[in-house]
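For ligands, and for the atoms within them, numbers begin at 1 and follow the listed sequence.
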Amino acid sequence: MQLIHFSEAGQSRIGIKTERGFLNAAKAAAALSLPVPSYIDDVLKDPVQAAQLDAILARADTLTDPVYYVSLDEVTFLPVLSRPGKILCIGKNYAAHVAETKSEAPKKPLVFSKFTSALAAHKENIPIPAGTDKVDYEVELVAVIGKKAYCVSPEEALEHVAGYTIGNDVTARDWQKGSPQWVLGKSPDKFAPLGPVYVTADELDPTHLDISLKLNGEVRQNSNTKHLIFDIATIISYISQHFALEPGDIIFTGTPDGVILGYPEDEQVWLKPGDVIESTIEGIGTLVNSFC
Ligand code: MG
């Protein structure tokens, strides 16, 4: 199943991919006299609401009028997840990225976090804070937890993943490097755009996905998730030895090479208002954000 999250008349709505396009779950439910969830987060946490979505999808064939479908060009997207309990991230997780930053590969997953206030949607503008002039991009595959994971083995770990989306781990490098803790550089408002689509785990093999990023139309990052140093199963197992991962928690799994930080210092041109980033992952889509 592929889902989007969007706003309509100030309300949160879910769209479900069908052969006719993304079905507006709320409009479909009204027509079918069925209950409807409004947040993908709730679908992950509550089996009753997950079943409600399944019931709507099962009868989508009866809804042929375009009025029931979302116009992706016109709709206002919301972050794929609105209220994750945790936003975790893995640093230095592609060897080529480790090399370009002239650092050493971590011996175990390097875990940090972002705040939920950093979430942003597909097509949302990301403000560059006044006090930084070294803002960088990082396209990443994002795993979404669907089942509580505590002290799980790598072999069990992927059973706890509900699905995947695309994230851009936007980073203010001067603030990241200004102290041993990265949070000030990683978590300014809207520095964690997510989307545009949430793809359930049954539809995607996360181990071999092309991953790329364009800045103003120019390809800057271009790799494949097969190059992750610590794969998703290893990451989840490792984190879960320390604390429980809960449904709706999300994990940014690391960025490949090609970030601005990796350029020679005299060639580093940091992000500025008006820049457009397109973050693409095979099988999911393209997350677009402009800076302001
Ligand atoms: Mg990152």
Side-chain angles (χ1 to χ4, degrees), residues 79-81 84 86-120 126 128-129 132 134-145 164-195 206 209-215 220-232 234-236 238-239 249-263 268 270-271 277-281 284 287 289 291:
V80 166
L81 294 166
K86 307 181 196 70
I87 303 175
L88 297 163
C89 311
I90 306 301
K92 302 181 182 179
N93 201 22
Y94 286 79
H97 173 59
V98 173
E100 74 177 349
T101 61
K102 299 178 178 57
S103 49
E104 298 213 344
K107 297 196 169 37
K108 49 196 177 184
L110 194 173
V111 182
F112 62 96
S113 62
K114 286 173 172 287
F115 302 123
T116 53
S117 48
L119 290 173
I126 300 172
I128 295 177
T132 171
K134 291 190 175 178
V135 175
D136 205 346
Y137 49 74
E138 295 189 354
V139 61
E140 308 200 9
L141 176 63
V142 173
V144 181
I145 299 295
Y164 301 94
T165 189
I166 304 166
N168 185 348
D169 175 16
V170 181
T171 304
R173 298 295 182 198
D174 41 358
W175 289 354
Q176 178 190 14
K177 292 170 173 291
S179 86
Q181 302 291 326
W182 291 0
V183 67
L184 293 178
K186 288 292 189 177
S187 216
D189 295 350
K190 302 195 185 298
F191 270 32
L194 279 185
L209 299 174
D210 289 335
I211 177 169
S212 63
L213 179 143
K214 288 182 185 173
L215 167 61
R220 290 295 191 94
Q221 297 188 273
N222 191 10
S223 186
N224 188 286
T225 58
K226 71 183 177 188
H227 297 304
L228 282 170
I229 296 171
F230 300 106
D231 64 14
I232 293 172
T234 303
I235 292 167
I236 289 172
Y238 177 76
I239 295 174
D249 289 351
I250 60 177
I251 305 171
F252 283 67
T253 57
T255 198
D257 60 310
V259 300
I260 300 171
L261 178 66
Y263 282 66
Q268 289 171 338
W270 304 99
L271 297 178
I277 297 282
E278 296 166 74
S279 307
T280 300
I281 298 181
I284 305 179
L287 168 69
N289 295 99
F291 285 81

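Within a radius of less than 2.8 Å around the Mg ion (ligand 1), the protein N, O or S atoms are Glu138 OE1, Glu140 OE2, Asp169 OD2.
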Salt bridge (Lys or Arg N to Asp or Glu O under 4.0 Å) between Asp169 and Lys114, intermediate numbers included: CA-CA 9 Å; Asp169 175 16; Lys114 286 173 172 287; 2.7 Å; yes
Take Lys86 and Asp249, measure what salt bridge (Lys or Arg N to Asp or Glu O under 4.0 Å) needs, and give me the verdict at the end. CA-CA 5 Å; Lys86 307 181 196 70; Asp249 289 351; 2.7 Å; yes
Determine whether Lys186 and Glu138 satisfy the following criterion, salt bridge (Lys or Arg N to Asp or Glu O under 4.0 Å), listing intermediate values before the conclusion. CA-CA 11 Å; Lys186 288 292 189 177; Glu138 295 189 354; 3.4 Å; yes
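With sequence neighbours excluded, the residues forming a side-chain contact (heavy atoms from CB on, under 4.5 Å) with Asn222 are Ser212, Val219, listed by chain and number.
For the pair Asn168 (side chain) and Pro193 (backbone), a donor-acceptor distance under 3.5 Å is absent.
Evaluated for a side-chain contact (heavy atoms from CB on, under 4.5 Å) with Ile251, the options Leu141, Val142, Ile87, Ile90 yield exactly one hit, Ile90.
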